[in-house]
Every structure is written in structure tokens, then in C-alpha cells.
Student: 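Encoded as C-alpha cells, here's the structure I'll be asking about.
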Amino acid sequence: MQNKPIKTIFVCEFITAGGLNHQTLPQSLLDQGKAMRDALLRDLSDLPYQIITAIDARLTKPIDCHIYYAIQAEDDAWQKWSEIMNSVDAVWLIAPETDGDLAKLTALALQQNKIILGCGLSAIEVCSSKLATYQLLKQSGVNTVETYSYVEWQKTDGITWLAKPDDGAGCEQTVCFDEAVNLSQWLLAHQHTEKHVIQPYLTGSAGSISCVMHQGKAHVLSCNQQLITVKNNVLNYQGCVVNGMRQHWQKFVALANQIAQLLPDLAGYVGIDVIVSDNEKEETITVIEINPRLTTSYIALREATGYNMAERIINTLTNADCHWPVMQQNEALLEVGHA
């Protein structure tokens, strides 16, 4: 991290900032993106920085920012973002891994030599592929869910199978079927055999770890219960209970630090999705994916921990003497748009 002082920060949340200005905005992704952006802007507004953002011209101006730029339907959003980046000291990027958008935004900021208040490009590239993430975790001895490309998948019967985009975010286009033949038919019918990966559907409690990483070390912020339902073979994200799985705190801390050491380019806020399974012998924690960016859990972190997380994250990334307090473990129910 550069030692250059930060005076201005560009917050770019892909969906609300005009990343889809040429198409209809998907309501679920818009709701989640807006909620994350507004929570971050609220936290940053309490700090001594000039905050700049961009908005899709179809949306209303956010409250907690000093300057905003409207992105019109005819605009080249990437060119506009580049121009805004050129005028600031630091960028805070929130984007889905889909189509490499988060990686491309990060590369754009690196080209302009900006301070990035988030993960490095190499970690983003690994975590943007569920297959690449699986291969790294598997080789390193981290318990993770078996993940296959369509051509490698054995189509074993007697297993409930799940398919999701290799570079997807949340539950977008994620389906599960009790029979391999039915999943195969769905993938072929939707022409998703190239883009989707296949995993066994794990039973247990869906959770996530919210943490801040820096130089191979993780500071856990909360241990969350994810609220996920399955209807008509489609997975739906209903929200989460921040710190709803705080009984697993010590094991989640150990796991987060293990991942931080594997991917030292993970920096700033990172979310780790897990399944906690109970069997007769022992409790098993399985890593599902790593999100190298803000997740919806961030929205309730201030309420759950009592701290301004934007301040904690910036201090961690820019201050070598930053001291981490002991996190409170209050529960906060968070309901967001369906994914």
C-alpha cells in the first residue's frame, strides 16, 4: 500500500454506478448493490474524506456523498469511471466477479496508480473463478466442496447436484436437482455447459465469514447465518443474520487466517461462504467460495459490532500501527433483495 495521504475516494458500485446503463437493471442485484453502496457511503461520510461516486442516471442521487456523476444510457461507463479515477487518491470498488468486472475495474485503478481500498488483482482473478478457487483450496488442504466443469463431471446418481456460473455472484443462475440427468438437461437446454460449474449440494447450515485481510492476516468481523431457500430447483438468497453463527467464531477465525495466508493479495473486506455440517463424528466446515469484495453482510456490521467498518478497513490498509479492537458479537437481522 502506498504511503500517499488519502483526501478523495471514488466509491464505484458496479450496478448502481452505470455498469448496466445499456440494459434493464435487474431488481435483485440493484437492491443489493444499492444497499451495500449506501452503507459504505454512510460510514465514509463520518470520516475526513471527500467522497465521490457515480450513479446510473435512472437512479436517485445517494445521500452520503459530496460529488456524484450521472452515467447516461449513451455514455461509455468505463471511460467515465476512468476519468473519475484520474481525479481521486483512492478507489473503493464493489462489483460482481461476473465477466471479470471486478478484475477489470481493479486493473483500471492500477493503471492509474490509485490506492485500492480492497483486494489485489491476483487474488481477485483466483476468487473470480469457482473452479480456480476450488483447485487452490484443495491443493492447500483446505476443506472445500468438490467442483467440476461439465466435461469432468461424472453425473453420479443418488446425489443432489448444484450448478452455478463459474464467475457468478450470489445465487444468480444457481440451480439444484435431485438427479444428475435432470441437471444435465437443464444445463444443455440453457447452453450453460461452458459457463457453469457443478458441485454436490451440501446439507447443513449456510454461513459466511466477514473479515478484513491484510498481508496474510485476517481480522474476523462477524460470523453470519445465510438465509437461502430452494424453490422450483432455483436457489434464492433471502438475506442473513449477521453474527447468527457466532458460536463458530474460533473455528471461523482459524479458517479465515488460513485463507489469508494462501492468498496474501486478499486485502480489505473479504467474505467467505461456508457450509457447517453436523454428523455423528464431528462438525465439518466446508468453504464454498471466497468473495474478494464487500458482501451484503457489510450493511449490518456497524449495528452488530459497534464500529465504523470503513474506518477500520482504511486504517488497516494504510496504517502499519493499526490496532484491532475485540469485535462485539451482537446479532443483526439483514434482509435484502432476492438473488
Side-chain angles (χ1 to χ4, degrees), residues 11 13-16 28-44 92-97 102 117-119 127 168-172 174 205-214 218-229 235-249 251-253 255-257 259-260 266-276 285-314 316 324 327-339:
V11 172
E13 193 289 311
F14 183 84
I15 306 296
T16 59
S28 60
L29 292 180
L30 176 61
D31 289 343
Q32 292 182 51
K34 183 177 183 297
M36 285 188 288
R37 180 204 65 187
D38 289 351
L40 178 59
L41 290 176
R42 176 201 63 197
D43 288 348
L44 288 172
W92 199 314
L93 308 172
I94 311 169
E97 295 85 346
L102 180 58
L117 300 172
C119 293
C127 297
C171 289
E172 287 295 300
T174 300
S205 301
S208 68
I209 310 169
S210 296
C211 51
V212 175
M213 295 188 180
H214 184 49
H219 303 278
V220 170
L221 311 176
S222 63
C223 303
N224 318 307
Q225 176 189 4
Q226 293 193 314
L227 308 176
I228 297 174
T229 60
L235 267 69
N236 295 284
Y237 176 71
Q238 308 284 349
C240 70
V241 180
V242 173
N243 269 333
M245 297 183 74
R246 61 190 184 277
Q247 70 270 28
H248 303 293
W249 188 276
K251 290 183 178 180
F252 281 8
V253 168
L255 177 59
N257 276 281
I259 289 172
L266 287 173
Y269 184 99
V270 176
I272 305 167
D273 291 342
V274 299
I275 295 290
V276 180
I285 301 174
T286 304
V287 177
I288 304 300
E289 59 187 73
I290 303 167
N291 299 300
R293 52 168 171 79
L294 248 60
T295 65
T296 52
S297 300
Y298 182 91
I299 302 164
L301 278 179
R302 192 163 185 170
E303 178 184 352
T305 68
Y307 288 98
N308 182 327
M309 280 303 141
E311 181 178 26
R312 302 303 318 168
I313 292 167
I314 292 173
T316 300
W324 265 87
M327 290 290 107
Q328 295 181 32
Q329 298 183 40
N330 302 320
E331 280 192 12
L333 177 61
L334 167 63
E335 296 184 20
V336 298
H338 301 262

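These numbers were taken from a predicted model, which means no experiment stands behind them.
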Student: Tell me if a side-chain donor or acceptor on Glu289 pairs with a main-chain N or O of Asn291 at a distance below 3.5 Å.
Tutor: no
Student: Side chains of Thr229 and Gln238: is there a donor and an acceptor less than 3.5 Å apart?
Tutor: yes
Student: Rounded to the nearest 0.5 Å, what separates atom SG in Cys223 from atom CG in Leu255?
Tutor: 10.0 Å
Student: Of the non-hydrogen atoms in Val287 and Ile290, which two are nearest, and what is the gap between them?
Tutor: CG1-CG1, 4.5 Å
Student: Under the rule for salt bridge (charged side-chain N to carboxylate O under 4.0 Å, His left out), what residues qualify as partners of Asp273, not counting sequence neighbours?
Tutor: none
Student: Can you sort out the partners of Glu97 under side chain to side chain donor-acceptor pair (under 3.5 Å), two or more places apart, ordered by chain and number?
Tutor: Arg293
Student: Give, for atom CD1 of Ile272 and atom CD1 of Ile288, the distance between the pair rounded to the nearest 0.5 Å.
Tutor: 12.0 Å
Student: Does the side chain of Ile259 reach to within under 4.5 Å of the side chain of Met213, using non-hydrogen atoms?
Tutor: yes
Student: Backbone N or O of Asn308 within a donor-acceptor pair of the Asp43 side chain at under 3.5 Å?
Tutor: no
Student: Write down the atom of Thr296, the atom of Gln32, and the distance for their closest heavy-atom approach.
Tutor: CG2-OE1, 3.5 Å
Student: Would you mind reporting whether Arg312 and His219 have side-chain heavy atoms less than 4.5 Å apart?
Tutor: no
Student: How long is the span from the CD1 atom in Ile313 to the CG atom in Leu221, to the nearest 0.5 Å?
Tutor: 6.5 Å
Student: On a heavy-atom basis, which atom in Ser208 and which in Ser297 lie closest, and how many Å separate them?
Tutor: OG-OG, 3.8 Å
Student: Is there side-chain contact between Cys127 and Val270, with heavy atoms separated by less than 4.5 Å?
Tutor: no
Student: So, taking the atom named CD1 in Ile285 and the one named CD1 in Ile209, what distance separates them when rounded to the nearest 0.5 Å?
Tutor: 7.0 Å
Student: Working to the nearest 0.5 Å, report the span between CG of Asp31 and CD1 of Ile15.
Tutor: 11.0 Å
Student: Where do Val220 and Phe252 come nearest, in terms of heavy atoms and distance?
Tutor: CG2-O, 4.3 Å
Student: Of the non-hydrogen atoms in Tyr298 and Tyr269, which two are nearest, and what is the gap between them?
Tutor: N-OH, 3.8 Å
Student: Measuring from atom OG1 of Thr16 to atom CZ of Arg37, what distance do you get when rounded to the nearest 0.5 angstrom?
Tutor: 4.5 Å
Student: Do His248 and Arg246 come close enough that some side-chain heavy atom pair is under 4.5 Å?
Tutor: no
Student: Which heavy-atom pair separates Val242 from Ala304 by the least distance, and what is that distance?
Tutor: CG1-CB, 3.7 Å
Student: Do you see a donor-acceptor pair shorter than 3.5 Å between the side chains of Ser222 and Asn243?
Tutor: no
